[in-house]
Colleague: 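A single structure is presented below for examination.
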Amino acid sequence: MADILQILILGLALGGVIALMGSGLSLVFGVMRIVNLAHPSLIIAGAYIAYWAFKGLGIDPIVMLPVSAAIMAAIGVLVYRLMFEKETKSAKYSEMTVLLTFALAMMAEGVLGGLFTNTQRVTSPDYATDAFFIGDLFIPKGQLYAGLLSLAIIGALTLFLKYSRLGYAIRATTQNREAAELLGVNVNFISILAFAIGIGLAGAAGSLVSFVFSFFPAKHWEWVAMLMSVVVLGGMGSILGTVVAALLLSVVAAFVGTWIGATWSTMTFFLALFLILLIRPQGLFGEKPEMA
Amino acid sequence: MAVTLQQSSANSVLEARRAHNEKLARRADQTRVTWFPLALLAILLALPLLQFVGNYNYVLHLVLFTASYVAMASGWNILGGFAGYVSLGHSVFFGVGGYFAGMLLARYGISTIITAPLAGLVAAVLGYLVGLVTLKVRGPSFIISSIALLMIARILFDNWEFVGGANGLTLPTNDLPVQWAKLPYYYAMIAIAAFTVWATYRIKHSKFGLGLRAISKDEIKAESAGIDTRFYKVMAFALSAFFVGMAGAVWGEYLTYLRPNIFLLILISANLVLMCILGGKGTIVGPVVGAILIVALNELFVATMGASEVNILGTGLVMAVGLIFFPLGLVGTLAKKGKLPRVLNWD
Amino acid sequence: MTELLQVTNITAGYGDGPAILDGAHLTVEPGKVHCIIGPNGAGKSTLLKSICGMLTIRKGDVIFKGKRLNGMRPDQILREGICFVPQERALFPKMTVRENLRMGGFILNNQKELDRRIDGILERFPILRERADQHAGTMSGGQQQTLAMARTLIIKPAIVMLDEPSLGLAPKVIQEMFDIMKMMSAEGVTVLLVEQNALMGLKNSDWGVVLDLGRTLFEGPAADVLADPRIQELYLGGKKAA
Amino acid sequence: MLEVKNLCKHYGGIKAVDGATFAVERGSITALIGPNGAGKTTAFNCISRTVTPTSGEVWLDGARIDQLRPHKITAKGLSRTFQISRNLSDMTVIENVIVQSRVDGIRGMLRPAMSAEEKDKAMAILDFLGITRIAYEDGHNLSYGQKKLMDLAALLMSDPKIILLDEPAGGVNPTLMEEIIGHIRALNEKRGLTVLIVEHNMDLIMRLSHKVVVMAQGRVICDGPPEMVRKDPQVLDAYLGGVLEEEAA
Amino acid sequence: QTLKIGASLPITGGLSVSGEKHKRGYELCTKLINEAGGILGRQVELVVSDNRSDPATAINQYERFINVDKVDAVYGTFSSRLTFPVGSILSKYNMVHAVPSGGALRIYEQGYRNLFYFQVSAAEYTGKDVVAVIKDLIPQGQGPKTAAIVSADDFFANAIAAGLLGEKVKDPATDKEIADLAPGYLADAGIKVVMQEKWPEEGFNDWLNLANSIKRSGAEMIIGLTASAEEAVQLTRSLKTVGATPKLVYLSQGAQTEFIEGVGENAANGVMIHTTWHKDVPFESTLAGKPFSNADFVKAFEAEYGVEPDEDSAIPFAVCQGIEQAINGAGTTDNAKMGEWLHARINDDPVRTVLGRFTWDERGLAKDKSHIMTQWQDGKLNFVYPTGEFEGVVPFNYPKAGF
Ligand SMILES: Nc1ncnc2c1ncn2[C@@H]1O[C@H](COP(=O)(O)OP(=O)(O)OP(=O)(O)O)[C@@H](O)[C@H]1O
Ligand SMILES: Nc1ncnc2c1ncn2[C@@H]1O[C@H](COP(=O)(O)OP(=O)(O)OP(=O)(O)O)[C@@H](O)[C@H]1O
Ligand SMILES: [Mg+2]
Ligand SMILES: [Mg+2]
């Protein structure tokens, strides 16, 4: 029993972080229709910012979170202007952007590799390798903090999108750019803003990830498929779905990893994806595609 | 010029409208060339003669390598270019083809050059089955499902002891002298590539191809136009897997080494996508141009910068710049502007 | 003549394609209802798109209240006072009817006032009130058209340009629609519409414009347009009328 | 020929079609009219199976078709247009039209995409609709009316037995519409083509159709010859409003 | 005219950490040789290409070296997974294949005669030295009775595990048995395996769960066979988080500075790692015909790069020394002759490198060498075994006091 509970706790703790990593992806897709394959590599960039501050200045990664989010958001603005601005008129927008972000992922990896070498890094504040011990059970502190913070950030963002005026403008621009423009929305500004928020989220996630996983520039390939599976399972673009899927899958993966074998725990994510395609192609929280 | 209704009769307006329409009308496409690809093929077939005057093994290697990518990218083009389903998981079929033929070679000593079509068939069957599940979703979800397929295949192969698991297995080398050792694979790969290009041409210009193109634009419309979209899509998946599988079969023996992380790599799939996009998705010559371009570029990076991050950065940069400035691919964009050299119009 | 909007000899087209409009001109007078007719593909929609900034104008001028609008973005032009409802896809499909209306008043800064106006609109269009929380994309063709039209009532622009507002509407609703338009023009909003339902359109307008071949072939009082036999034959389904 | 029995389509609480029953006789031109949101388009969607009906049956030529996939229905000779035109971008108009021609089995799939005969036929249709000039234009770069016309051309390409037209006249210039009406009537008379048409243009309905079915709130409220329907008080109230009197005046 | 030597290394990708260090080893050695006048009077030009940890690229690059760059010799690449495929192409061209890393037995059982492994022995036999430490350094009766073996699904790690567990080594291509390692070193030493687990080569994140399972198994000895230093860090950190309390921890990787940086002094304390090289071992070698001790190497390396070298740079350095001695010994860059010369080495006239003396058997595996066992002690990697052979051996810490 204690065993089961412990595995559950570990699964949830990991799930919280994965939820934040995935929700940025989900957000950028939800509001921009961009499948950002570069998201994991930008998370890594954010993690490097945290790492640099931790190593060089001794700043705690959690304290660093807003800073790294802001820096990444600024980078997001730049990237958007250089790479995506022109694409908004393209008929093949969504497909184009997948490929562009793929290119971005490679460029980010190259730049990071040049700046930080390919050595693996991790920030090690004390709580990262500590845990709350409750009787037989333990809750890893690092994961717990990261998970809770993640959920808070995601919650705040969801509210912002749903109720603020800018949130309206962002959603409107995604759904019908021309109409939004005709109603007085400066769509280009809004696109930049939305993209920056998405990338800023990668920065925030990076800060938290920096003490949960170790990272190096090429690591993002390992994350991309896992995060994407979470996003699809949750329903493309649904942040709530992403969070639920991340928690759910992490827990299942934890049980699979313990009872069946660690090799198969990663498999959970991908098999779940196929399963969902079979029974509910639009994902857990996705809207059923409208036919005619 | 100054037609106004006040001064002219209805008929003259009709007349003017006809002239106006004539002026705005767009013409049909220019005609294609067939001699150029055939000439290219002839040159490639004669290329090994170079071995008589020196050691050009590396040149042959590069051509073979390019040919394998031409075959795979053209195969990918059937699903990704015609039907519009971008798959980042096609290396699975590369692997399945490679392993299937490779195991036959290892156990029974039958050369993969003979078993390649069979390997292609196995890949096609797998493609068919996978397609039944994943082709239910479009766009991003499909792309991701294809990545997941790759991951699953990777984990399965990594743990499948029969085929050597993650450690892989070595295949016997042939007994030809170094000078000629590459030739069987060279010709096999050129043949596969040529066959694939020809096949994609035939597909594109059939009802099947037209249907696929309709599917890529609007599935509901296509379905209500009487196209069995599910069957078309799954067939496209199977066919594209077939060609990739064949290439994989020969590639395995050529490398003499089978390992999940040689075949089941997302970068290989990504290369296929990149080649088709850079060259011109949905065109016949696009994947060919793309494959040549990417392989050449890669050589350039390796040769000039040798190593490191610069290489990755460079590849990413080329990809981004290509996409931004040639959104329809080199061939597509030039064609749209009417600047495509005639020799590159194979459609 | 005191024109509000003056379009002189503009040339425009899509991307780097051929010039669809070549020598179109248009005069819009304040407070009147103007109706543009013409065959399919004449360039009517293109003309409206050029005015509101969705297309770049290659030659010629668009002067609004003495100000040149060429080169401005649509959102800027809207703030100048020109509101445009395009022919297709004017809604946000995944937003509810209410949210769509809210977007209609995006340039208003007063949220209370906005809420009040939205309520007013829902009052006026029962069909929308019933569906206030339905996603716009799942509404019937006519319902969507109604919503697009209703949305323009939230802000009170100087000019409303409507591209085939009667499209897909039931006869009863069409009549209401033209009544609303008349009311708007009475309130001082100038209306510029494109209609294929030409008889209806012209009957309810003050001024008629015939656009064909990418240029303006005729401009005059709506009654004159209706009466011209050549126009009847060419654009109004004349055989029947004859 | 086409029978719709007790058809229902519910979206959550919204009953788009709610037990509609009507029939279209072979060789007739039947109009389906009704106020906005009555469920006409949804009924079309259910018949052509682009959406799955909640309940009810659809019969074509004595066979049930509501279980079939859309392409099968098309293969049985039923073709439709969409209210909001669905055109295939990146394909020329002529390809958009030819895509609709019948393909039989694997053999058919391997036939050339565009045979010379098909091309001639397509060009003839385009010519009739006055849109030859856009034959090689991208299907996406059309004006609203041109798209409607292209849809119609595609429909005529497939030699269907019965066609379902969803507001074919919306956005089409009246002069051209006159000709189209003439053509449809000719097809109907000469080849026995059956037509089911949704339109809001009452004038057109009155002149073209043999029978009118009126829907409101998902149900069929009235059905009969045009003249009768036109005078039905229920229809007047729900649909036509004051238009008739004005026209009469 | 320069003498060209090519090396394809994983500078980017999953193996990049070690790949970069290998590059330094080759570069430093080349530089020192050139300063001393080169080989056979010719300056040496080192051509390094990045294979991005991708086997196909590695093969391609060696082929390029041989056919296009016309190199005179090559250095091997890093890791078994790249060495395996490269082996066949180098054998085809009959180039001397000096292998810095690639310890799986299967590589040497393919019948190639051009292989020369510059490490202790095939990975399958590593367990021998691990068990020896337990037998020799831990008082009778106090040694661990139970063990948990967790390993990466990697060529090298699998091979070590096979030896420890006493599995059969087979060639999957033909199903032929290569070696039967039963009963296994652990069984030999009377240690019972209470838990065994593998994690995938790529994309594994669930370390805490793994660590939790290890802890719950109650094993007294933890054997972590990781494929890279990164994994060693992850594993150790997780063990610390879950609060595991084994008596002994043995890792196959973790001698690198990245390890101590990643896990911290406390957690690292007492962790045992096998290596082929340690900076304090007084190996004597020759470079450019002159004596060159291990200490000289460490000094030169620090002068060049500002950091202490580790195993990943020392081994390639030794490879470079071996090739140099082979060319000088054979008096030519004819690889066939070089191969003969290397095979002809005997104990009294070995190849002398910073890893000590090398002679090889038929297959290309070094004869009569054993591993150096090291242990992290207060942030320093000390070498604790073999005792009595060299100076500088430090007492073994046992048992480990938590993480
Ligand atoms: N997006 C586009 N890209 C390129 N060309 C276009 C595009 N939209 C329309 N055209 C071309 O411009 C011409 C005029 O189109 P426009 O939409 O202005 O016609 P319209 O007068 O509004 O016709 P309708 O009454 O059918 O709506 C058409 O012939 C069409 O070929
Ligand atoms: N996907 C959907 N989800 C919810 N409601 C829907 C959906 N599709 C249609 N409806 C509703 O069903 C009703 C019928 O719509 P339908 O499109 O069939 O009307 P219609 O008769 O074609 O009207 P119009 O003349 O305006 O085109 C409408 O009230 C519409 O809002
Ligand atoms: Mg128009
Ligand atoms: Mg409708």
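Just so it is clear, the structure is predicted and the values come from calculations on it, not from any experiment. Convention: sequence-line order gives letters A, B, ...; per-chain numbering from 1.
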Colleague: What residue, out of Phe274(A), Trp221(A), Phe102(A), has the most heavy-atom pairs lying under 4.5 Å from chain B?
Modeller: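 Of the candidates given, the most pairs with chain B belong to Phe274(A).
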Colleague: Which of residues 131-141 of chain B get closer than 4.5 angstrom to chain A, counting heavy atoms alone?
Modeller: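 Val133(B), Thr134(B), Lys136(B), Val137(B), Pro140(B), Ser141(B) fall under the 4.5 Å cut-off.
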Colleague: Of all the residues in residues 222-235 of chain A, which have a heavy atom that comes within less than 4.5 Å of a heavy atom in chain B?
Modeller: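 The residues closer than 4.5 Å to chain B, in numerical order, are Ala225(A), Met228(A), Ser229(A), Val232(A).
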Colleague: Locate the shortest heavy-atom distance separating Ala320(B) from Met83(A); write the atom from each residue and the value.
Modeller: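 It is CB-CE, 3.9 Å.
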Colleague: Please report the interatomic distance CD1(Ile143(B)) to CG(Leu99(A)), rounded to the nearest 0.5 Å.
Modeller: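 Output value for this atom pair is 7.0 Å.
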Colleague: Counting only heavy atoms closer than 4.5 Å, note whether Leu82(A) contacts chain B via side chain, backbone, both or neither.
Modeller: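 Only the backbone of Leu82(A) comes within 4.5 Å of chain B.
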Colleague: By number, which residues in residues 144-158 of chain B have some heavy atom less than 4.5 Å away from chain A?
Modeller: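 Listed by number: Ile144(B), Ser145(B), Ile147(B), Ala148(B), Leu149(B), Met151(B), Ile152(B), Ile155(B), Leu156(B).
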Colleague: Counting only heavy atoms closer than 4.5 Å, note whether Leu278(A) contacts chain B via side chain, backbone, both or neither.
Modeller: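 Answer is both: backbone and side chain atoms of Leu278(A) are under 4.5 Å from chain B.
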Colleague: Atom CG in Leu323(B), atom NZ in Lys86(A): separation rounded to 0.5 Å?
Modeller: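 So the gap between those two atoms works out to 11.0 Å.
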Colleague: Closest heavy-atom contact between Leu317(B) and Met107(A)?
Modeller: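 Result for this residue pair: CD1-SD, 3.1 Å.
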Colleague: Under a 4.5 Å heavy-atom cut-off, does chain B meet the side chain of Met267(A), its backbone, both or neither?
Modeller: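 For Met267(A), backbone and side chain are both near chain B.
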Colleague: Does CZ in Phe326(B) sit with more than 12 non-hydrogen atoms of other residues, nucleotides or ligands closer than 6.0 Å?
Modeller: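 Count not over threshold, so no.
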Colleague: Quick check on Ile324(B) against chain A: is it the side chain, the backbone, both or neither that has a heavy atom closer than 4.5 Å?
Modeller: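 Looking at Ile324(B), backbone and side chain both touch chain A.
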Colleague: Counting neighbours of CZ on Arg33(A) that are heavy atoms of other residues, nucleotides or ligands and sit closer than 6.0 Å, is the number greater than 12?
Modeller: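 Check passes, neighbour count above 12.
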Colleague: Between Phe269(A) and chain B, with a heavy-atom cut-off of 4.5 Å, which part of the residue counts as in contact: side chain, backbone, both or neither?
Modeller: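 Contact with chain B is absent: no heavy atom of Phe269(A) under 4.5 Å.
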Colleague: Just to be sure I understand the criterion: a residue of residues 243-264 of chain A counts if one of its heavy atoms is under 4.5 Å from a heavy atom of chain B. Which ones qualify?
Modeller: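 Under the 4.5 Å heavy-atom cut-off, Thr263(A), Trp264(A) qualify.
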